[in-house]
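Notes follow the structure.
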Amino acid sequence: MKKIILLILCLSVSGFAQQKIKAKPKSNIPLIKDQPKTNVPILTDADELLVIKSNEPNPDDLLDITVAIPKPKTPNAGQSITNEIGLNGEFTFNKKIGFSVNAPEGVLVSYFYFNTKNGYAMQDWKGIKAMLTENPEGEMTQIKNANNDFYQYIKSSEGNFVMKAGSGQSMVVHDIQTEMLSKELFKTFKKTGNKMGKVGGNKYPRVEYSGTFEGKKMSIWLSNSQDVLLDTKFTHSLSGYWGLGFIASPTGTTYMITGIVGDGVSIFMNYIENANVSFSGKGYKPIGEMTGGNAGAFSQTSDIQDLPFANQVNNADATANYYDMMISLVNQSIAEHQSGLKEAQKNNDATAIKRHNCLITCTKNEKTRLEKVKEEHIKIINQYKNDDEKRDEKINQLMETQGMPKPCSC
C-alpha cells in the first residue's frame, strides 16, 4: 500500500513541476517527456481575426480522396462532450487509433481507443507497455477526457486503485476555446503544398499546413474526416492522445488530424478503425480514501491537483516537508521488510529471506534517491527565486532524470 501511495506522491511532484511552466493558456501539443496530452494548441491571439474560408483546404488539397463510407449529413460527434464520467464509471469507445511518435529520444509505436461522442480516450496496459523501456510493477490503464483530465487505474499485488490528475480547466469554456482554436488555426496556418499519398504504408492521404506557435514552427497534416462530422454547437476540436483526432473549420467542415510535426518531434496516425471496447472503473479504490483527512480535498476527489502540496509547489519549506513525508513512508517500508526478514529467518525460509533482503536494499536505495532529489529540488527553488522559467526548466530536468522511483525486481 505504501509503495502505491509513494508512487502517486512522486508522480505529483513531477506532474506539478511541469504544470507550473509559465502561466499561459493551455498548449495541448504534448512534449515527448510529458504525460500524453491532447488537442492542437489553443492559439490565443484572437484579435482582428481575418476572413477564414479562403484559407481552408479544398478537395484538390486533399488529393480528391474518395472514401467508401458515405459522409454523414448531420453531425454525429461531440454531442456528449460535457457528460463527465466518474472515476468508478463505465467507459465505452468506438474507434481505435494507431500512431507513431518520432523524437530524438527514440520512436514510439502504439495505439489508443477513442469515443467520438464524448471525447474520452483510453490507453490500456498493452498500449502503454508498447511505449515503455522498463516494465513497472503492476498494471495501469489511463483514460483522459476532452477537458484533459487524466484517470490512472492501477492494478497491483496490493490492490486496485484509481487516481485523477485534473487539468484545472473548466469544461464550461471548452467550446469557446476550441472555437478560438479553429479560427486561429485556419487564420495563421497556411498550406505548404506538401502532400502525402497512399505510399509507404500510409493509409490516409494528407496535406500539410504550417505555422508558428510560441515562436516555433510546426506543421499539422489534415486528411478526410471519413465518417465523423463534429457538432460545432458543442466543440470544434475532438482528439485523443498526442493531438490526433478531428477539428472543424469555422465554416463547419470537419478534418481529421493525422500528423503533427514540431520542435524535433513528429507524430503521425498509422490507422483508425471502428472498435467496440469498454472499461469499467468499478472495483478500483480511489487513492484519496487511503490518505485520510490530513490530505484535505484530495481525500474526497483523489485528484492530485487537490493535494496540499499543489498550491505551494515552489515553496522551499513546503517542498522539504513533502519529501520528508515520502521519506517517512520509505522508512516505514524498510521497517516492515526488516520485520518480515526476522520472521523469515525464524522460520528458516530461504526464499523469503532472499526476497526481504532484496527489498530492504532496494528500498534503502529509494530513500537515498529521495534524499538527493530533495536536496537538489530545494537548491533549484532557492537559486531561481526570481526566474520562474529557468526554475521550472531545471525542475523538469530533475524530474525527468531522477524524479521517478525505480521498481524493485525482487
Side-chain angles (χ1 to χ4, degrees), residues 2-37 105 148-150 152 163-169 214-216 263 287-288 291-292 294-299 301-334 363-406:
K2 292 183 178 66
K3 287 188 290 183
I4 295 293
I5 295 176
L6 178 63
L7 175 60
I8 299 304
L9 296 175
C10 290
L11 285 170
S12 70
V13 172
S14 176
F16 283 115
Q18 295 188 9
Q19 288 179 31
K20 297 298 284 188
I21 298 177
K22 278 192 176 182
K24 55 189 170 187
K26 280 193 174 294
S27 166
N28 290 327
I29 288 293
L31 297 175
I32 192 69
K33 291 291 188 179
D34 289 346
Q35 282 276 6
K37 301 177 183 176
E105 295 86 349
N148 291 331
D149 297 328
F150 288 82
Q152 306 276 14
M163 60 165 283
K164 180 179 180 180
S167 66
Q169 173 178 289
E214 294 184 351
K216 296 181 180 180
D263 200 23
I287 197 75
T291 61
N294 292 334
F298 178 72
S299 61
T301 65
S302 295
D303 187 340
I304 62 172
Q305 289 278 348
D306 293 329
L307 280 168
F309 174 72
N311 296 324
Q312 304 178 66
V313 67
N314 292 316
N315 179 287
D317 290 338
T319 299
N321 290 336
Y322 197 73
Y323 279 103
D324 288 343
M325 179 173 63
M326 290 193 286
I327 291 169
S328 176
L329 287 171
V330 172
N331 283 331
Q332 292 179 45
S333 292
I334 292 173
T363 312
K364 285 183 175 179
N365 289 338
E366 172 61 13
K367 179 181 177 180
T368 300
R369 182 194 70 83
L370 279 171
E371 290 171 339
K372 290 181 178 178
V373 175
K374 171 189 172 182
E375 181 181 358
E376 185 63 24
H377 196 158
I378 293 172
K379 179 181 176 182
I380 292 170
I381 290 174
N382 289 329
Q383 185 175 356
Y384 298 102
K385 283 183 178 179
N386 300 318
D387 189 342
D388 293 352
E389 185 172 353
K390 192 68 174 179
R391 179 198 62 219
D392 293 334
E393 177 187 340
K394 291 291 185 180
I395 291 175
N396 284 341
Q397 291 174 356
L398 175 66
M399 292 304 150
E400 289 170 1
T401 57
Q402 303 177 48
M404 290 298 293
K406 294 181 179 179

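Because only heavy atoms are used, hydrogens play no part in the values below, and waters and symmetry mates are left out as well, while side chains stay in.
Taking NE2 of His377 as the start and CD1 of Ile395 as the end, the distance is 3.5 Å to the nearest 0.5 Å. The distance from atom CD of Glu371 to atom CD of Glu376, rounded to the nearest 0.5 Å, is 14.5 Å. Atoms CD and CG, from Glu393 and Asp387 in turn, are 9.0 Å apart once rounded to the nearest 0.5 Å.
By the side chain to side chain contact (heavy atoms under 4.5 Å, CB included) test, Gln402 is found to be paired with Val373, Leu398, residues two or more places apart in sequence or in another chain being considered. Residues satisfying the side chain to side chain contact (heavy atoms under 4.5 Å, CB included) test with Lys372, not counting sequence neighbours, are Thr368. With sequence neighbours left out, Asn331 forms a side chain to side chain contact (heavy atoms under 4.5 Å, CB included) with Ile327, Ile334, Lys367. Here Asp324 pairs with Lys374 under the side chain to side chain donor-acceptor pair (under 3.5 Å) rule; sequence neighbours left out. By the side chain to side chain contact (heavy atoms under 4.5 Å, CB included) test, Asn382 is found to be paired with Ala316, Ile378, Lys385, residues two or more places apart in sequence or in another chain being considered.
Counting heavy atoms from C-beta outward, Tyr384 and Lys394 have side chains that approach closer than 4.5 Å.
Across all their heavy atoms, Asp317 and Asn315 have their closest contact at N-OD1, 2.9 Å. Residues Thr363 and Ser333 share a closest heavy-atom pair of CG2-CB, 4.0 Å. The shortest non-hydrogen separation linking Ile380 to Arg391 is CG2-O, 3.8 Å.
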